[in-house]
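Note sheet for the following structure.
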Amino acid sequence: MTGQKTLQNILADIISTVEFNHTGELLATGDKGGRVVIFQREQESKQQPQRRGEYNVYSTFQSHEPEFDYLKSLEIEEKINKIRWLPQHNAACFLLSTNDKTVKLWKVSERDKRPEGYNLKDEDGRLRDPSMITTLRVPVLRPMDLMVEATPRRVFANAHTYHINSISVNSDYETYMSADDLRINLWNFEITNQSFNIVDIKPANMEELTEVITAAEFHPHHCNTFVYSSSKGTIRLCDMRASALCDRHAKFFEEPEDPSNRSFFSEIISSISDVKFSHSGRYVMTRDYLTVKVWDLNMENRPMETYQVHDYLRSKLCSLYENDCIFDKFECVWNGSDSVIMTGSYNNFFRMFDRNTKRDVTLEASRENSKPRAILKPRKVCVGGKRRKDEISVDSLDFSKKILHTAWHPSENIIAVAATNNLYIFQDKVN
Amino acid sequence: MLGRGLKRKLSDYEENVAGLSSAFDSSRNLPYPLKRQLVLNMCLTKLQTYKMLVEPNLHRSVLIANTVRQIQEEMRQESSQPINVCTGITPSSHSYTGMESSGISLQLPSGISQQESNCCDLRSFPENTGLKLEDDRQDLKGAECVFGSFEISNSTSYLKDLAIDDIFEDIDTSMYDSDFCCPPLMPPRPPPICRTDLSELDHIMEILVGS
C-alpha cells in the first residue's frame with residue numbers, strides 16, 4: 001500500500017492501545033501513564049483539499065491512576081491495556097478503558113453553549129445576596145468555545161484477581177466481557193457491582209496450571225458467541241446459550257505441530273497474543289510470535305491461511321528468549337472489507353498481507369525515513385548472503401522499536417500505528 | 001542486544017548469557033544436550049528472578065515452566081534408556097544414594113564399576129549434567145510455587161491451611177542464587193539432604209561394625 005502520510009506526534013508516554021470508533025471519525029489511544037487521548041478527523045474542506053481528513057487532538061483525560069492494593073502489597077499499574085468504543089447513538093460518545101484490574105466507562109461529550117443570566121448567582125458563580133434580587137429572569141444559552149468533556153460514568157472494579165488482557169463489547173450493546181489470565185466475566189453496562197463469570201480455567205491446585213487465557217472477543221453479530229485464545233496456541237469458541245459457565249467449548253481450533261520446526265521454544269512462540277473476528281464474522285485471525293493465521297470458523301483442525309510475519313527470527317529465538325522479546329504481544333487487525341490484514345514487527349516495521357492477491361509489504365513508521373505527505377517506501381529485511389542497498393540485515397534490527405498496536409479505519413484505508421511513544425497515521429494517496 | 005560481538009567480560013554474567021544465546025542461535029555445532037542445558041539454565045534463572053518479584057507475570061511463568069517440564073521430561077526419557085540397557089545396574093531404589101525425589105536419579109552409586117558407569121551416555125555430559133537434573137527438579141518444584149504464590153496472595157482467606165513450609169522445605173537453590181556470576185566451572189557440592197533410611201542404616205552399621 002502506498003500512502004500519503006500524515007504525521008502525528010505525541011511525545012508522551014508509551015502508547016499501549018489504539019482504537020478507531022465505529023465510524024472512524026474518532027481515534028483513541030491509551031498510554032502507560034493511564035491517559036487517554038482522542039483524535040477527531042477534520043471535516044473535509046474545499047479550501048484546503050490537501051488537508052483532507054487529518055486527525056487532531058479532540059480530548060485528553062486521565063482514565064486510570066496508579067493504585068496500591070494494601071491487602072496484597074501490590075501496586076496496580078495505571079497503564080491502559082485496551083480501549084473499546086461503544087456505537088454512537090446520540091451526540092455523546094462512550095468508550096471502555098481498562099487497566100490490569102478495573103474497567104471504566106467514559107462519556108465524551110461536547111459543550112458549545114453555556115447558560116448565562118442566573119437569578120441566584122452572578123457570572124462568577126458566587127451566590128448573590130437574596131435581598132438584592134428584585135427581578136426574575138430565565139437563564140439563556142449562549143455560545144461558547146467548544147469544550148470536550150470526559151466523565152466517568154461507570155467503574156467496574158474488583159472482579160478480576162488476575163490481569164485483564166481483553167475487553168469486548170457485545171453486539172447487543174448491553175453487555176461486554178472482560179478477560180484475565182484465568183477467567184472471563186460478563187458485565188451489563190448498567191450494573192457495576194456484579195458480573196457473571198462465564199469462563200474459569202483456574203485449576204484447583206495452582207501448581208497444575210499449564211495454560212492461560214491470552215485474548216477474548218465477542219462475535220460481531222451473534223451476541224451469544226465469543227472466542228478466547230490461550231498460551232498453548234489454541235482458540236475456543238463458546239456459546240453462552242449452552243450453559244452459564246462456558247467451560248466446555250462449542251469449537252476448538254488447534255493446528256497440529258509441524259515436527260520439522262520443533263524447538264525448545266515451540267510452545268512459547270505458539271502462544272497467541274491477539275485474536276480478532278473478521279468484520280463479516282466468518283473468520284477469526286490469530287497472532288502468535290512469528291505468524292498471523294486466519295481460521296475459518298467451520299474448520300477446526302487447521303487455519304485457512306498462514307502468513308509469516310518475520311520468519312527470519314526463527315533462527316534467533318534463543319537470543320530473543322534471553323532478552324524477553326519472545327514474550328512481546330503483537331496485535332493484528334483487519335481492514336474494513338476483510339481483504340487485508342496488518343500486524344507489527346520490530347525496527348518500527350509493520351506488515352500488511354493482501355489475502356486476495358497474496359502480496360505482502362513491509363513498511364516502516366519512523367520520523368527519519370518519512371516526511372509528511374511523502375509516499376511510504378516498502379522495506380526489506382535481508383536474511384543472509386549479500387545485502388542489497390536499502391535492505392536491512394537481521395542483525396541490525398532494533399528490537400527495542402516494536403510495533404505492538406495498530407488500528408485500521410472501519411471503512412477507509414487509514415491506519416494508525418503506535419511506535420513506542422509516537423503515533424503515526426497513514427492514509428491512502430488521493431489521486 | 002542481538003548481533004553483539006562475543007567480546008565480553010567474564011565478570012559480566014548477563015553478557016555471558018547473551019554470548020551463549022548468540023552462540024546457540026548461530027552455531028550448528030553445539031551439541032544438542034549442551035543447547036538443552038543452556039535453555040534449561042536460562043529458564044530456571046528467569047523463574048528464580050520472577051519468584052523474587054511481588055507479582056510475577058503469570059503468562060510468562062506458565063510458558064517457562066512448561067518449557068522446563070518439557071526439557072526435563074525429555075532428559076528423563078533419555079536417561080531411562082541407558083540404565084535399562086546396562087547390565088548389573090538394577091534401577092531399584094537401594095542402589096542409589098537416596099535422593100529425595102522419585103524417578104530417575106543420575107547420581108550413580110559409588111560402588112558401581114567403571115565399565116557399567118560408562119554405559120550411561122549422560123556421564124559424558126559437560127558440567128556434570130546429571131547432578132544438575134536433581135537440582136533442576138527441585139528447582140522446578142520451587143519455581144512452580146510462583147503459581148502457588150499467586151494462589152496464596154490472591155486468596156481471601158489467610159487462614160487457609162497452606163503447605164507453604166512444606167513446599168519450600170526441600171529446595172536447594174544454591175546453584176541458582178542470583179548472586180552467582182558465571183556458570184559453575186567445578187562440580188557443585190551435592191545437595192546436603194540425604195534423609196533416607198538407607199543412609200541412616202549405613203551410619204548405624206558403621207557404628208556397630210566400628211569401621
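Each chain gets a letter, A, B and so on, in the order the sequences are listed, and its residues count up from 1.
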Side chain to side chain contact (heavy atoms under 4.5 Å, CB included) between K35(B) and F264(A), worked out: CA-CA 9 Å; K35(B) 282 187 170 183; F264(A) 298 113; 4.2 Å; yes
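- Within the model, atoms NE2 of H163(A) and NE2 of H59(B) stand 13.5 Å from one another, a figure rounded to the nearest 0.5 Å.
- Going from atom CG of L63(B) over to atom CD1 of I326(A) covers 9.0 Å, rounded to the nearest 0.5 Å.
- Here OG of S22(B) is found 7.5 Å from NZ of K316(A). Values are rounded to the nearest 0.5 Å.
- F24(B) contributes atom CZ, which lies 7.0 Å from atom OG of S263(A) (distance to the nearest 0.5 angstrom).
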Please lay out, stage by stage, how S319(A) and D25(B) fare under the test side-chain hydrogen bond (donor to acceptor under 3.5 Å, both in side chains). CA-CA 7 Å; S319(A) 306; D25(B) 283 331; 2.6 Å; yes
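- Considering every non-hydrogen atom in both R69(B) and E207(A), the closest pair reads NH2-O, 4.0 Å.
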Before giving the answer on side chain to side chain contact (heavy atoms under 4.5 Å, CB included), spell out for N57(B) and F327(A) the whole-Å C-alpha distance, their side-chain angles and the decisive distance to 0.1 Å. CA-CA 11 Å; N57(B) 183 317; F327(A) 298 111; over 6 Å; no
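- In this structure, D181(A) and V62(B) have side chains that are not in contact, with every pair of non-hydrogen atoms separated by 4.5 Å or more.
- Interface residue S271(A): only side-chain heavy atoms are found under 4.5 Å from chain B.
- In this structure, C43(B) SG and I268(A) CD1 are separated by 6.0 Å, a value rounded to the nearest 0.5 Å.
- Counting non-hydrogen atoms of other residues, nucleotides and ligands closer than 6.0 Å to CZ of F196(A) gives a total of 12 or fewer.
- By the 6.0 Å contact criterion, CZ on R388(A) is open, its count of non-hydrogen atoms from other residues, nucleotides or ligands being 12 or less.
- Neither the backbone nor the side chain of I213(A) has a heavy atom closer than 4.5 Å to any heavy atom of chain B.
- Crowding of D200(A) atom CG: a count of heavy atoms from other residues, nucleotides or ligands under 6.0 Å exceeding 12.
- Counted by atom type alone, N66(B) and T210(A) present zero donor-acceptor pairs between their side chains at under 3.5 Å.
- Counting heavy-atom pairs closer than 4.5 Å to chain B, the top-ranked of the candidates S73(A), S315(A), S396(A) is S315(A).
- Using a 4.5 Å heavy-atom threshold, the side chains of Q70(B) and S266(A) count as separate.
- Y32(B) OH: more than 12 foreign heavy atoms inside a 6.0 Å radius.
- Between the OH atom of Y321(A) and the OG1 atom of T67(B) there is a distance of 6.0 Å, given to the nearest 0.5 Å.
- Listed by chain and number, the residues in a salt bridge (charged side-chain N to carboxylate O under 4.0 Å, His left out) with D324(A) are K46(B), R60(B) (sequence neighbours excluded).
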